[in-house]
Amino acid sequence: MSLEIKALYKKYDTISLFSDFNISFQEGTITCILGPSGCGKTTLLNIIGDIIKPDSGQLTGFREKTASYIFQDPRLLPWKTVEENIGFVLSKDMPAEERKKITGQLIKLMELENFALYYPSKLSGGMRQRVSIARAFAYPSDIILMDEPLKGLDIKLKLNLIRIFSQMWLTDKRTVIFVTHDVDEALLLGNDIIVLSRPPVKIITKKQLDLPLEERRLDSDSFRELKRNLMSALGNQ
């Protein structure tokens with residue numbers, strides 16, 4: 001099944017960001033979106049998440065779905081612990097025992113067992129982002145929208161978060177739409193990689209990766225070649 005956007009129009013002042021723009025997303029996969037700054041990647045996420053309205057266009061399949069967000073800023077509640085931040089998005093009607101079981105499983109997957117009772121102020125940036133990821137999976141959403149959640153992190157921490165996110169997604173294959181400026185992130189996480197142009201936005205290229213997430217290596221010859229192609233597409237903007 002696929003989710004589709006057809007004939008999307010969105011204008012800000014004199015800038016036509018989207019003009020008869022079309023895109024589709026395969027359900028149960030991770031789609032990574034690359035493109036130059038200001039090309040409308042975040043706007044596209046916000047339209048999908050029903051945060052902002054398009055001027056016109058047809059969105060097929062999205063309105064029947066619920067979405068959760070993972071932002072660049074973890075946006076945790078400072079007065080709640082790791083366990084409470086994750087459990088906060090679960091249904092209030094859920095039995096306490098089940099809530100604790102779900103949060104415990106997510107905390108374990110995020111490798112945060114020793115920090116369940118910590119408050120956000122006592123966590124590192126990477127740990128806070130792990131809590132944000134766990135919270136997105138805790139929320140009963142069909143789609144996870146990711147807006148550059150790894151931006152600004154050092155390479156070691158970024159690779160660790162990618163590894164953890166991959167493990168989490170393999171246990172719960174939701175539809176993920178991941179906006180990033182980093183080609184390596186897209187190569188390590190994407191089932192599909194889409195490169196967008198400057199406004200009015202068009203799809204420059206779309207690549208499909210069949211290699212399982214756990215087998216991907218940035219130093220492989222195939223990945224080096226694919227990275228060159230994607231960098232070339234971005235460089236022509």
Side-chain angles (χ1 to χ4, degrees), residues 1-75 89 132-133 135-137 139-151 169 172-183 185-187 189-209 229-237:
M1 296 289 291
S2 64
L3 306 169
E4 296 184 334
I5 299 175
K6 295 181 179 179
L8 176 66
Y9 286 82
K10 183 64 181 177
K11 188 174 183 178
Y12 289 107
D13 297 325
T14 59
I15 299 174
S16 293
L17 200 57
F18 296 101
S19 180
D20 196 22
F21 178 74
N22 302 283
I23 192 170
S24 64
F25 305 95
Q26 188 68 26
E27 291 192 65
T29 66
I30 301 174
T31 300
C32 292
I33 300 176
L34 296 163
S37 296
C39 78
K41 300 185 296 297
T42 296
T43 297
L44 184 62
L45 283 190
N46 288 336
I47 288 172
I48 291 169
D50 202 25
I51 293 174
I52 63 174
K53 301 294 184 182
D55 296 333
S56 63
Q58 180 181 350
L59 281 75
T60 303
F62 290 101
R63 295 301 173 247
E64 297 79 22
K65 309 290 184 182
T66 56
S68 54
Y69 264 92
I70 303 174
F71 298 96
Q72 183 179 339
D73 177 357
R75 304 191 183 187
V89 299
S132 178
I133 292 170
R135 185 177 58 187
F137 275 95
Y139 184 72
S141 62
D142 305 294
I143 303 171
I144 296 177
L145 303 173
M146 302 173 66
D147 193 5
E148 299 194 71
L150 307 180
K151 186 177 181 180
W169 182 79
D172 186 355
K173 291 188 177 181
R174 302 190 202 181
T175 303
V176 176
I177 303 173
F178 179 17
V179 160
T180 179
H181 278 96
D182 191 311
V183 174
E185 291 176 15
L187 287 170
L189 280 175
N191 300 120
D192 291 301
I193 301 174
I194 296 172
V195 179
L196 301 181
S197 71
R198 296 187 184 279
V201 176
K202 304 295 181 187
I203 294 176
I204 298 297
T205 188
K206 182 174 182 178
K207 303 289 185 182
Q208 187 174 51
L209 281 69
N229 293 336
L230 293 170
M231 292 297 290
S232 177
L234 286 166
N236 289 331
Q237 298 308 303

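Since this is a predicted model, take the numbers as computed values, not measurements.
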Check: [X] side chain, [Y] main-chain N or O, donor-acceptor pair, under 3.5 Å:
| X | Y | result |
| --- | --- | --- |
| D147 | T42 | no |
| S19 | S16 | no |
| D13 | I15 | no |
| K41 | G35 | yes |
| T180 | A186 | no |

(Q) Can you classify the ring geometry of F71 versus Y69 as parallel (below 30°), tilted (30 to 60°) or perpendicular (above 60°)? (A)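 Correct class here is parallel.
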Mind checking the [atom1]-[atom2] spacing from [X] to [Y]? Nearest 0.5 Å is all I need.
| X | Y | atom1 | atom2 | value |
| --- | --- | --- | --- | --- |
| L44 | I194 | CG | CD1 | 9.0 Å |
| R75 | I70 | CZ | CD1 | 12.5 Å |
| R174 | D142 | CZ | CG | 8.0 Å |
| T175 | I48 | OG1 | CD1 | 10.5 Å |
| L234 | L34 | CG | CG | 5.5 Å |

Side-chain heavy-atom pair [X], [Y] within 4.5 angstrom cut-off:
| X | Y | result |
| --- | --- | --- |
| K206 | S24 | yes |
| K151 | D182 | no |
| T205 | N229 | no |
| S37 | H181 | yes |
| V183 | I193 | no |
| I47 | L59 | yes |
| F21 | L196 | yes |
| F25 | I33 | yes |

Q. Run the side-chain contact (heavy atoms from CB on, under 4.5 Å) check on L230 and K207 step by step: do they pass?
A. CA-CA 9 Å; L230 293 170; K207 303 289 185 182; 4.0 Å; yes
(Q) Do the side chains of E27 and K65 get close enough for a salt bridge, i.e. N-O under 4.0 angstrom? (A)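 K65 and E27: salt-bridged.
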(Q) For a side-chain contact (heavy atoms from CB on, under 4.5 Å) check, start with the C-alpha distance between L187 and L209, then their side-chain angles and the critical distance, and finish with the verdict. (A) CA-CA 8 Å; L187 287 170; L209 281 69; 4.2 Å; yes
Locate the shortest heavy-atom distance separating [X] from [Y]; write the atom from each residue and the value.
| X | Y | value |
| --- | --- | --- |
| F137 | D172 | CE2-O, 3.6 Å |
| Q72 | E148 | CB-O, 3.4 Å |
| D20 | A7 | OD1-CA, 3.4 Å |
| G38 | P199 | O-CG, 3.6 Å |
| A233 | V195 | CB-CG1, 4.2 Å |
| S68 | S141 | OG-OG, 2.9 Å |

(Q) If we check side chain to side chain contact (heavy atoms under 4.5 Å, CB included) with T29, which of these qualifies: V176, N191, I177? (A)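 With T29 as partner, V176, N191, I177 yield a single side chain to side chain contact (heavy atoms under 4.5 Å, CB included), made by N191.
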**Q.** Test side-chain contact (heavy atoms from CB on, under 4.5 Å) applied to I133 and M146, step by step
**A.** CA-CA 9 Å; I133 292 170; M146 302 173 66; 5.6 Å; no
Q: Go through the steps to decide whether L8 and N22 satisfy the test side-chain contact (heavy atoms from CB on, under 4.5 Å), and finish with yes or no.
A: CA-CA 7 Å; L8 176 66; N22 302 283; over 6 Å; no
